[in-house]
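Positions are given from 1, in the same order as the sequence printed here.
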Amino acid sequence: MLNLSNIYKHMKPNNPVGRGAMTQYQQPQINGFKSLFKAFLEKSDRSLSSIKGVKLGVETSEVFVQDEWPIQLVERLLKEGVKPIKVSVEDAASRRVVAIDTSSIKVAVGSKGVVVAIRGALVIREWSRIWAEIIGPFMVYIDYDGVGELLSSMLGGEVRLDYWGDYQLYNSVQKVLAGILEKRLQEYAVERFKDTILLFDGSLSAGPLDNPTWLVSRIIDGARPRGNDILAFSKTSILRVWGELITSLKLDAEPPYVVEMTWAIKELEMRVKVLGETYLARLSAGGEGFRVDAAIRKSIGDVLGSLLKSDSLIYGYPETLILAHDLCTFNKMDLIAMQSILRRRGIKLFKPTSIRWLLFRPIDGGEPA
């Protein structure tokens, strides 16, 4: 098992953030964590050993896509208008906030498979104290023959192996693995904490392989009896377009406020099912509007009021979620370290020739990016 997380245990930030300095990164004590990922951990070593001497290319770019809304819904919104729900902080109760995020990266690619790494992070803010727990990174070589076994093991054997046929190995596998790890960490947080605001990255949509309906439903159903409220913030979403549109309308409210958008989500023709209620939230003056999916016991105004009283905002987005994202995201040094591990295991790496670099180097100057 290639677990690099120990290097974070004794790191301290140069610039403490928020109400309390982050003083500690640590591994969470998850009962049964190794057994949960047993097949993943075992396959990691076997799969990387199996490609000794193989040449794999290194990816150098990523593509991000954003959806758009149907024009008929935009016209309906402009015609009917929106009614903002005011969020009050004065009488709100302070609560523990836990943010969860995961990240993935393609370390190297070949004609028959791909080496993928995934990592997760939990950031816990308890009044004046804040700390993080980092899970991973896990690195594994995946080919078409082994991907079904790996996904099935991560989902506890509760997925049909033929379900993978709807996905593409090179384009989808890293997103799927990160999504499954994220759902398992969310499930762990639901069982570990009580009376807590749980912040998820993304939405509460269900249906794809990385967001199976039975697992998302189990997370939501497990949160309520323990007094937990779930808020899922989307950084890139179809509601992000609405954020620009709605906040430009003349609303009789100053931030913080939310706009109920569940009706619009239900009218969209989507392959996924959205669990919970959907809102557009603008939580700070000058901040952006974000889509927020909520599975909560109290009113949305009460829960968001507690969030604003308990966590800091950066451009209207919870600081704990930003920290979780930063801590799980792979940087250049992570990539170099993991590629070095591959080389030490006898795997040959090469960088494909950049046609742009060959053609435009005399004009652009310097080495290829």
Of the non-hydrogen atoms in [X] and [Y], which two are nearest, and what is the gap between them?
| X | Y | result |
| --- | --- | --- |
| Ala121 | Ala324 | CB-O, 3.6 Å |
| Ala294 | Tyr279 | CB-CE1, 4.1 Å |
| Leu181 | Ile118 | CD2-CD1, 3.9 Å |
| Leu199 | Pro318 | CD1-CB, 3.6 Å |
| Lys106 | Leu335 | O-CD1, 4.4 Å |
| Ala108 | Leu349 | CB-CD2, 3.9 Å |

What distance do [X] atom [atom1] and [Y] atom [atom2] have between them, rounded to the nearest 0.5 Å?
| X | Y | atom1 | atom2 | answer |
| --- | --- | --- | --- | --- |
| Lys52 | Lys348 | NZ | NZ | 11.0 Å |
| Asp143 | Ser50 | CG | OG | 7.0 Å |
| Arg345 | Met139 | CZ | CE | 7.5 Å |
| Gln186 | Leu122 | CD | CG | 9.5 Å |
| Ser217 | Lys273 | OG | NZ | 6.5 Å |
| Tyr257 | Ile300 | OH | CD1 | 14.5 Å |

[X] side-chain N/O to [Y] backbone N/O, donor-acceptor pair under 3.5 Å:
| X | Y | result |
| --- | --- | --- |
| Thr102 | Gly120 | no |
| Thr262 | Thr278 | yes |
| Arg95 | Asn228 | no |

ask   = Where do Ile219 and Val216 land on the side-chain contact (heavy atoms from CB on, under 4.5 Å) test, with the steps shown first?
value = CA-CA 5 Å; Ile219 292 169; Val216 178; 5.5 Å; no
message = The criterion is ring-ring contact (aromatic ring centres under 6.0 Å, His included); which residues satisfy it with Tyr317, sequence neighbours excluded?
response = Phe233, Phe290
inquiry  = Could you walk me through whether Val107 and Gln339 satisfy the side-chain contact (heavy atoms from CB on, under 4.5 Å) test, starting with their C-alpha distance in whole Å, then the side-chain angles of each, then the deciding distance to 0.1 Å, before giving a yes or no?
reply    = CA-CA 7 Å; Val107 182; Gln339 290 174 352; 3.8 Å; yes
task = Given side-chain contact (heavy atoms from CB on, under 4.5 Å), test Leu327 with Arg119 step by step and report yes or no.
result = CA-CA 9 Å; Leu327 290 172; Arg119 180 164 57 200; over 6 Å; no
